[in-house]
Trainee: 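Have a look at this one.
Each chain gets a letter, A, B and so on, in the order the sequences are listed, and its residues count up from 1. In this text the structure is predicted, and so the values were computed from the model without any measurement.
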Amino acid sequence: MLQEWVILLVSFCYLGILFAIAYYGDKRADAGRSIISNPYIYTLSIAVYCTAWTFYGSVGRAATTGAGFLPIYLGPTLMAALWWFVLRKIIRIAKVHRITSIADFISSRYAKDPLIGGIVTIIAVVGILPYISLQLKAVSVSFNVLHTFQGKTHILPAADSVISNPYINTLSMWSGTALYVTLAMSVFAILFGTRHIDASERHEGMVAAVAFESVVKLVAFLVAGIFVSYYLFSGPTELIYDAVKSPELSKLMNLEALGGGYTNWFTLTFLSMMAIMFLPRQFHILVVENVNEEHVKKASWLFPLYLLAINLFVLPISFAGLLFFPDGSVDPDTFVLAVPLHTNQEFVALFVYLGGLSAATGMVIVATIALSTMVCNDLVMPVLLRIRFLQRSDLSSVLLPIRRGSILVILLLGYVFFRLIGESYALVTLGLVSFAAAAQFAPVILIGIYWKGASRRGAIAGLLAGFAVWTYTLLVPSFVKSGWIATSILESGPFGIELLGPYHLFGLNMFDPLTHSVFWSMLANVGLLVGVSLFDRQNAMERLQAAHFVDVFRHEDIDTGLWSGTTTVAELKGLVGRFIGVEQTDKAFSEYAAEHDFDVKTKALADANLVGFAERKLAGAIGSASARVMISSVVKGEEISIEGLMKILDETSQVIEYSHRLEEKSRELEKATAELRAANKRLTELDRLKDEFVSTVTHELRTPLTSVRAFSEILRDNPALPLEERQKFLDIIVKESERLTRLINQVLDLAKIESGSAEWTRECVDLNEVVEEASSSISQLFHENSIHLEEIVPEGAVFVMADRDRLIQVVINLMSNAVKFCEPGTGQVTIRLSTLPGKVRVEVVDNGPGIHPDEQERIFEKFHQLKGLRDEKPRGSGLGLTICHRIIKHHGGHIWVESKPGAGSKFIFELALAEKV
Amino acid sequence: MPEVKRRQNERLIVILIIGVIALNYPLLSLFSKVKLIFGIPVLYFYLFTVWTVFIGCVALVLEKTTSSPLIIPSPKPEKAE
């Protein structure tokens with residue numbers, strides 16, 4: 001029998017060694033020469049998965065269910081095959097976003113909602129309590145076994161009546177081994193995990209110590225296995241051969257002993273697959289403490305190998321235990337210790353005990369550190385930050401006390417759970433309750449990192465529903481077993497409603513309790529997460545975070561341009577300083593400034609990058625949700641700029657945006673092309689008009705020239721012409737010359753007006769007079785063509801400010817035009833002068849053939865000549881109306897034509913009345 | 001090398017699926033017998049063998065790509081007409 005003081009001394013020496021390793025690890029980390037930065041240490045630290053459950057519980061489970069202990073290790077082996085792309089993605093996300101815990105990860109994925117962080121933390125704490133109580137129970141039981149087991153003569157109480165165990169039950173609630181173990185572990189965890197606030201929340205010393213513990217527990221268990229197999233028996237095959245002879249033991253060699261059959265086997269595999277990644281401590285070791293993503297590659301097969309090794313001797317030990325204690329006098333959970341003690345090998349037992357102690361302490365340390373970080377960052381901080389007067393005070397000094405306090409509280413809660421409930425359960429059963437709780441995190445994470453549509457409300461609904469079902473179907477029954485709640489609820493359901501019984505919800509009674517609970521909780525969890533997300537609308541922040549997480553390998557430069565609000569550098573520094581300390585903040589900011597090449601002291605306004613940097617710093621200390629709240633308290637303005645959002649959102653929307661722009665461009669181009677085509681058409685038309693004009697002018701010039709020349713030649717060659725004849729010829733010559741002059745004058749006139757070099761006089765002109773003068777000067781033309789002219793003018797003078805001669809020219813042009821198009825004899829031309837408010841209108845109406853609507857628009861254009869009237873020969877230079885148009889325009893008036901083919905036409909112009917002088 | 005990476009992921013997923021099938025009902029029920037093979041119960045012999053092979057496959061897939069990167073054969077030069 002071992003003396004109590006020997007066990008205690010050895011225990012404390014062992015813890016001292018651990019502490020020395022942790023201290024050394026931290027020192028090396030501070031010096032920048034990490035001892036944990038290799039895949040082997042990483043693998044060993046992941047082996048924190050093997051707790052006292054593995055160490056003591058596996059043997060116990062093997063003794064009752066045969067192969068039933070194995071799925072817990074086969075699951076992680078299977079899951080490890082996916083690590084290389086699932087875990088690596090999670091690690092990358094966590095690194096980019098400075099994730100400090102699983103609660104932080106989930107809340108960060110869903111819009112950094114503090115509510116989600118809080119829910120996850122509560123689920124984690126409640127869910128892990130059974131697991132922690134398992135470790136406390138294992139350590140205290142192993143301690144008691146070690147110092148009270150008296151060789152072959154001692155009889156331990158039966159497994160199913162541990163509750164009457166004198167070592168536990170005779171002591172009051174607040175004394176006894178378990179309490180001392182609890183307090184010792186709290187001190188240990190506090191010393192380890194909360195020595196200082198680290199912005200990245202990594203504990204290299206702790207990882208080193210945990211890795212060391214993994215070595216110790218593996219070696220201890222292998223020693224126990226080899227001792228039992230080769231010292232007590234002559235090899236494992238011999239031991240198994242002995243076992244086969246017993247009908248009781250041979251049952252354990254097939255799967256008949258498995259409670260719950262193959263369904264239970266599958267459930268255990270599934271649960272352990274989830275647990276290896278989503279138990280808070282596993283997440284902490286795998287993700288938060290990961291130094292290099294590449295380490296995942298080796299760990300993916302080395303860690304399963306570790307599991308294989310630690311399980312090799314489970315069956316031989318449990319067979320040996322059953323052979324030694326066939327009457328059930330020893331709890332199978334303690335076989336690892338009881339067998340060496342039974343054969344009086346106390347030092348082997350002591351070493352085995354150390355292995356068990358390291359398995360338990362490793363789990364407790366990592367779990368409490370992970371949980372205390374979550375409690376501090378996701379439960380206490382959000383509340384503290386909402387208290388107004390605390391918002392401006394220095395919070396860096398309260399962070400550590402909060403964490404230390406939460407470690408103590410969590411362990412004490414674990415202890416209470418152990419005293420109230422844990423004693424009536426086997427180790428593995430307790431652990432599985434925790435596994436089922438951790439599995440509730442799997443959907444929100446796995447779906448969340450591959451499906452952008454998973455929404456915040458969906459996550460809340462899924463988590464709460466899964467947790468509620470878990471509580472009702474696993475936690476409540478454990479309360480029942482400990483006698484807190486009447487057992488009737490298990491048999492006939494609450495209030496006698498059998499359909500709602502916790503072990504057969506809605507009448508589902510084909511599964512064992514664990515499978516039953518996992519089935520319903522997963523159904524509720526995944527169903528609500530997916531269902532609610534499908535009918536939800538995500539806001540900008542949700543979509544942004546979803547894109548960050550799902551496309552983490554695509555967008556690595558995350559924080560640029562996310563904050564569009566403004567704040568000062570000084571304010572940011574003050575804020576960060578309140579959480580991680582002024583000195584560290586100064587250092588971090590000057591490092592950042594050196595890297596980004598600016599002077600912190602002179603720079604007043606913080607840009608988006610600096611705000612992002614400050615947020616990440618804060619997130620490392622107080623979690624991303626709280627960090628977001630704090631940053632938004634100093635940054636004024638919008639949280640996210642549209643540009644930032646556009647940049648981050650998936651490529652599809654960028655492509656859509658791009659194609660939108662392309663479409664717009666092509667529409668613009670089409671429009672421009674159409675305009676160009678129209679312009680080209682006009683130019684071609686103008687060119688054609690010019691050619692026509694030139695030919696017309698040439699023709700017009702040649703006709704009078706030809707006749708002038710012909711008659712001159714007649715006069716020259718025939719001096720004997722009678723006077724009368726001669727006179728007639730000379731008249732023709734004069735007329736033709738006049739025509740020539742007129743034509744040339746018009747061309748010159750227009751050229752002058754067009755070039756702007758014409759001289760204009762501006763005087764008060766009586767339009768009545770103008771019309772009078774024009775019609776008298778042209779009356780001869782009317783007589784010659786026997787066309788009737790009618791004048792309608794108002795009485796009294798109508799004054800306009802104008803160039804008198806030009807106006808006369810306009811009226812004459814219009815009237816002679818009218819004459820040209822009237823039928824001689826029946827022609828009728830009316831000129832009408834009327835006054836309108838503020839202006840005067842002149843109309844020249846004829847009863848000619850009229851003008852086709854197509855031509856009306858272009859009739860005032862240069863060189864344009866009416867076609868298809870009477871005969872094909874154009875009758876005019878094509879400049880008269882153009883000149884009129886230019887003159888009227890120059891006077892600020894309008895000129896237009898109203899006409900219908902066959903009903904004559906009406907040329908109208910309007911001028912402003914002169915202001916009364 | 002996204003192509004190589006994809007192939008690697010595909011292989012890992014297939015290994016996982018084979019592992020899940022091999023370690024569950026109904027294949028598992030074939031070995032649920034009280035029988036010894038090399039002095040070991042046949043069920044445990046099967047489970048530990050599958051376990052070892054599984055680990056070996058994962059190690060092979062993950063470690064192969066770093067030591068010997070996939071060599072993509074260069075396309076054959078086209079014949080001139």
Trainee: What part of B:I55 gets within 4.5 angstrom of chain A, counting heavy atoms only: side chain, backbone, both, or neither?
Mentor: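 Both parts, heavy atoms under 4.5 Å.
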Trainee: What part of A:L82 lies closer than 4.5 angstrom to a heavy atom of chain B: side chain, backbone, both or neither?
Mentor: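 Side chain of A:L82 only, per the 4.5 Å heavy-atom cut-off to chain B.
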Trainee: After noting the C-alpha distance and the side-chain angles of B:L62 and A:V296, does the key distance pass the side chain to side chain contact (heavy atoms under 4.5 Å, CB included) rule?
Mentor: CA-CA 10 Å; B:L62 284 175; A:V296 172; over 6 Å; no
Trainee: Is there side-chain contact between B:L47 and A:L74, with at least one heavy-atom pair below 4.5 Å?
Mentor: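 B:L47 vs A:L74: side chains touch.
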Trainee: Which bit of A:L78 is near chain B, if near means a heavy-atom gap under 4.5 Å: side chain, backbone, both or neither?
Mentor: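 Interface part for A:L78: both.
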Trainee: Considering non-hydrogen atoms only, spot the tightest contact between B:L23 and A:W265 and give its length.
Mentor: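 Heavy atoms of B:L23 and A:W265 come nearest at O-NE1, 2.7 Å.
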Trainee: On the 0 to 90° scale, with breaks at 30° and 60°, tag the B:Y25-A:Y262 ring pair as parallel, tilted or perpendicular.
Mentor: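 If you compare the ring of B:Y25 with that of A:Y262, the planes turn out tilted.
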Trainee: Evaluate the criterion side chain to side chain contact (heavy atoms under 4.5 Å, CB included) for residue pair A:F85 and B:I13; output intermediate values, then yes/no.
Mentor: CA-CA 10 Å; A:F85 55 99; B:I13 290 172; 3.5 Å; yes
Trainee: What part of A:L307 gets closer than 4.5 Å to chain B, counting heavy atoms only: side chain, backbone, both or neither?
Mentor: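 For A:L307, heavy atoms of backbone and side chain both lie under 4.5 Å from chain B.
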Trainee: Heavy-atom distances under 4.5 Å only: say whether A:L70 touches chain B with side chain, backbone, both or neither.
Mentor: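 Answer is side chain: those atoms of A:L70 sit under 4.5 Å from chain B.
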Trainee: Counting heavy-atom pairs closer than 4.5 Å to chain B, which one of A:L308, A:N311, A:T237 comes out on top?
Mentor: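 It is A:L308.
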Trainee: So which atom in B:V58 and which in A:A81 form the shortest heavy-atom distance, rounded to 0.1 Å?
Mentor: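 So the two residues come closest at CG2-CB, 3.9 Å.
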Trainee: Go through A:M273 and B:L16 one step at a time and tell me if the side chain to side chain contact (heavy atoms under 4.5 Å, CB included) criterion holds.
Mentor: CA-CA 12 Å; A:M273 281 175 84; B:L16 173 75; 4.2 Å; yes
Trainee: Does the side chain of A:W84 come within less than 4.5 Å of B:N9's, by heavy atoms?
Mentor: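 Yes, at least one pair of side-chain atoms sits under 4.5 Å.
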Trainee: Where is the tightest heavy-atom contact between B:P41 and A:L315, given as atom of each residue plus distance?
Mentor: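 Shortest heavy-atom contact: CG-CD2, 4.5 Å.
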